[in-house]
Asks: 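A single structure is presented below for examination.
So you know, we letter chains A, B, ... as the sequences are listed, proteins then strands, and number each from 1.
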Number of protein chains: 2
Amino acid sequence: MLDPTFVDKLVERLRPEAVLVSPHHVLVYECDGSTAFRQTPDAAVLPATTEDVAAAIRTCVEHDVPFVGRGAGTGLSGGATPAEGGVVISLAGMNQLLELDLDNRLARCQTGIVNLQISKKVAEHGLYFAPDPSSQSACTLGGNIAENSGGPHCFKYGATTAHVVGLTVVLPTGEVVELGGPQDGVGYDLVGLFVGSEGTFGIATEALVRLMPKPESVKTLLAAFRSMVAACEAVSDIVATGIVPAALEMLDRPTIEVVEAGVVAAGYPTDAEAVLLIELDGAHHGMERMEREIRNACEARGAVSFTVARNEEEQARLWLGRKAAFGAMGRLSTDLYVQDGVVPRSRLPEVLEKVGEIAARYRIKVANVFHAGDGNLHPCIPYDGRDEEERHRVLEAGREILELCVAVGGSISGEHGIGREKSSYMDLLFSEHDLNLMRALREVWNPAGLCNPNKIFPTSHGCGEAMSLPSVAAVPGAWI
Amino acid sequence: MLDPTFVDKLVERLRPEAVLVSPHHVLVYECDGSTAFRQTPDAAVLPATTEDVAAAIRTCVEHDVPFVGRGAGTGLSGGATPAEGGVVISLAGMNQLLELDLDNRLARCQTGIVNLQISKKVAEHGLYFAPDPSSQSACTLGGNIAENSGGPHCFKYGATTAHVVGLTVVLPTGEVVELGGPQDGVGYDLVGLFVGSEGTFGIATEALVRLMPKPESVKTLLAAFRSMVAACEAVSDIVATGIVPAALEMLDRPTIEVVEAGVVAAGYPTDAEAVLLIELDGAHHGMERMEREIRNACEARGAVSFTVARNEEEQARLWLGRKAAFGAMGRLSTDLYVQDGVVPRSRLPEVLEKVGEIAARYRIKVANVFHAGDGNLHPCIPYDGRDEEERHRVLEAGREILELCVAVGGSISGEHGIGREKSSYMDLLFSEHDLNLMRALREVWNPAGLCNPNKIFPTSHGCGEAMSLPSVAAVPGAWI
């Protein structure tokens, strides 16, 4: 329970309507897209300005109350969950594009702006914001910054960190600082360090982001294969040509089946073991040649079909299956566990085979839909959360998949972050020394530990607790 | 003077021939390319392995002796100068490419490897290492990592930080850690933070770097203009087309004159006020169209000539003037002060005009040769260092140029780093709060402060001391 003088102070420093304390108002902030991690906050505040955020944080610090920033709550690792209660600071109302610098292709935005809104607002100038997580119609820039979000087109253009050049940050002490700037390459890279710090270094309220010129031409291709191994080998062959596609996305047979059985069939061949969705962008000239080289690479690996979208409508249709895949999996069971691991691209065939073996051994289903170009796997495990024994098997299989990723030189997360979900897996990747170095850096930014506590780092809680299963099935139109 | 037991311990832990203490052996380590900052170290060690580096650092820590890592000593901000004496740890002998992963286009190298050697060693596979500081035939990967070095082609491909995915680092405590890795996007971005930390966070001994496929086609173009303003406007127009050249380099009339008066004339038109050197790379297809668009943009701004290199030899000739520019300036005076500032690209014409005004007011000559695409200026000021009054005017002009850069939203360094040279300018860009945040981060990595002390941060020394003039004229074939 919060001290009433704390709430009074928040109301006085912000506005009465900006402070929510009734249990039924704050319930909406109990979790993000990773719904297995729930914790109702004691209060939520709705700041309108950087000064509001600073006032809220200063009040929390004065009363030793933990706090966490939140965008749209579309995250998939429990990053915005108020793990120790306290205050959720919702940036959703701070959603303006403040300044557009066309000459230098930069936009200053409040961080509550929805990712896709940035691109919509600058479209008339032939520009767009490149990071495109599948949740981009809902997720906010601030969440993208916290998680260093990726997306299909980050294969070519890099994740969020490559597109953020400056930040206004309210530090966990309540002080406001400006980090970086349009021309800043001086001193330690504080912007680069802040991006991807999962909300543990403070709350960014404004960001200066790079805009990119829209490509003159876009081509969307779909190749179908008789085996996943052949499809993965085609990916390596395509990369080896030197062509850098804008996206290289893979869906396996179980995913194709569930997509095609869904409300909006994308027209993927249902007898294929894997389909590879390839997007090229750039100048008109050269597109034909790149298409031809990619077709050759796919056919050399035995592609059974190769479709080229003829117009924007057909492009959208080819993407539809990829974008609707996670939502469609809702038909498979009551719950869905979406893993997020990374392996070297060259190890994809072998790892996917082993994922299949792990699934067979644990008697679970796995559907794979993933960013093949980056080697970023999303094994999706549908299960019935009411069946404790099944739930346990899924959990064990998930851990084994991540151990496999690490064993081949990969990682335990490609783009969803560690948050609450994977903090107990950090020791798969990092020595105690590495973790202590990271903890010491957190101490510098977040000395009182009140800013998004109980995230990223392993705690002394039992393994079972930390490894409770996240689920995205309850979230309509889940985004990965 | 060093404690003899310290030296004995170094010899015992490394090898006698790996420890230099005679004044005439260590003299070579007294400065880098920024020769105005000199400090003879007490000893130099020549490690052959990561373990040697760790042993040297542990010995320094046990005896409270400062130390600094050094590559080829080509830096231009005094980053490798042993500012407080102690030990220079020279990585020059650790110069092997250890592992080549062609499938994933990664190379593991010892950090003493010369930048250009990486590209030479992987050329047979059609690959290269993208960062290309002008010193690339001499500078080492480790120095590039410390300074986050740029180069002409970083306009398109990004500076060193975009090309390093993993590091083996000996921390300032002597412990060895592995940071990052091929698939690592988990936890705080320690690799990104280490790159550009100017040798204050430890010594990287191995790095896993990205390799890029060589472009199918390269085109080198040279446009000459009647005014610098027109040339700068052409740069903005070229960028506005959406074409991303691999390089966009500018030379002004004083630079052209000195280049053409040199031993190797590049054939630049001597009646032009500015020449713009443009390089395009990519697929064959589309090159003609890009060339045409760029020619149109230049001609619309009144270009008086437009040259297209017809073969590799002509390409090399067009680059020759740019690459030889700094060396050629040795003819102008006994000393040369090369500034390194950044401004938003759109402000280039106005800033260059004001730089001219500053030069006139201080009665000095300025020759400009710079990375126009990045807005990264290198005003070069030839002067006679024996004339104290002239030296003072140059110093004041240099500071005014940097103040101008900051005033238009730019920065005090584009690629040379802060080192010793610019530590007293940091307050132009950063608040005391920002600097304290950076100091606290340094404390985490470098708690005893023995690792490359007296760099980056303003000290309590008087302004005059910290602002003593660097000079590159004494260094043959100076590299910028």
Asks: Restricting to non-hydrogen atoms, name the atom on A/S411 and the atom on B/V186 that form the minimum distance, rounded to 0.1 Å.
Replies: OG-CG2, 3.0 Å
Asks: Heavy-atom cut-off 4.5 Å, strictly under: side chain, backbone, both or neither for A/R347 against chain B?
Replies: neither
Asks: Quick one: ring-ring contact (aromatic ring centres under 6.0 Å, His included) partners of B/F370, sequence neighbours excluded?
Replies: none
Asks: Starting at CG of B/L429, measure out to CD of A/E178 and round the result to the nearest 0.5 Å.
Replies: 12.0 Å
Asks: Does any heavy atom of chain B fall under 4.5 Å from the side chain of A/M426, the backbone, both, or neither of them?
Replies: side chain
Asks: Measure the shortest side-chain to side-chain distance between B/Y188 and A/L437 over non-hydrogen atoms and say whether it is less than 4.5 angstrom.
Replies: no
Asks: Looking only at heavy atoms, what is the nearest atom pair of A/A440 and B/V444, with distance?
Replies: CB-CG1, 3.5 Å
Asks: How about B/E350: does its CD atom have over 12 heavy atoms from other parts shown lying under 6.0 Å from it?
Replies: yes
Asks: Contact part of A/F457 toward chain B, heavy-atom cut-off under 4.5 Å: side chain, backbone, both or neither?
Replies: side chain
Asks: Identify the heavy atoms of A/N104 and B/S346 that sit nearest to each other, and give their distance.
Replies: ND2-OG, 2.9 Å
Asks: In terms of heavy-atom pairs under 4.5 Å with chain B, which of A/N148, A/T161, A/L127, A/L193 leads?
Replies: A/L193
Asks: With a sphere of 6.0 Å drawn around CD of A/E403, does it hold more than 12 non-hydrogen atoms of other residues, nucleotides or ligands?
Replies: yes
Asks: For chain B, find which of A/V239, A/D101, A/D189, A/N376 contributes the most heavy-atom pairs closer than 4.5 angstrom.
Replies: A/V239
Asks: By a 4.5 Å heavy-atom criterion (distance strictly below it), what part of B/E443 contacts chain A: side chain, backbone, both, or neither?
Replies: neither
Asks: Side chain, backbone, both or neither: which part of A/L441 has a heavy atom under 4.5 Å from chain B?
Replies: both
Asks: So for A/S197, is it side chain, backbone, both, or neither that comes closer than 4.5 Å to the heavy atoms of chain B?
Replies: both
Asks: Quick one: what part of A/E216 sits under 4.5 Å from any heavy atom of chain B, side chain, backbone, both or neither?
Replies: side chain
Asks: Do you know which two heavy atoms are closest between B/L171 and A/H433, and how far apart they sit?
Replies: CD1-CE1, 3.1 Å
Asks: B/L190 versus chain A, heavy atoms under 4.5 Å apart: side chain, backbone, both or neither?
Replies: side chain
Asks: As an exercise: rank A/M290, A/R442, A/M212, A/K214 by heavy-atom pairs under 4.5 Å with chain B and give me the winner.
Replies: A/R442
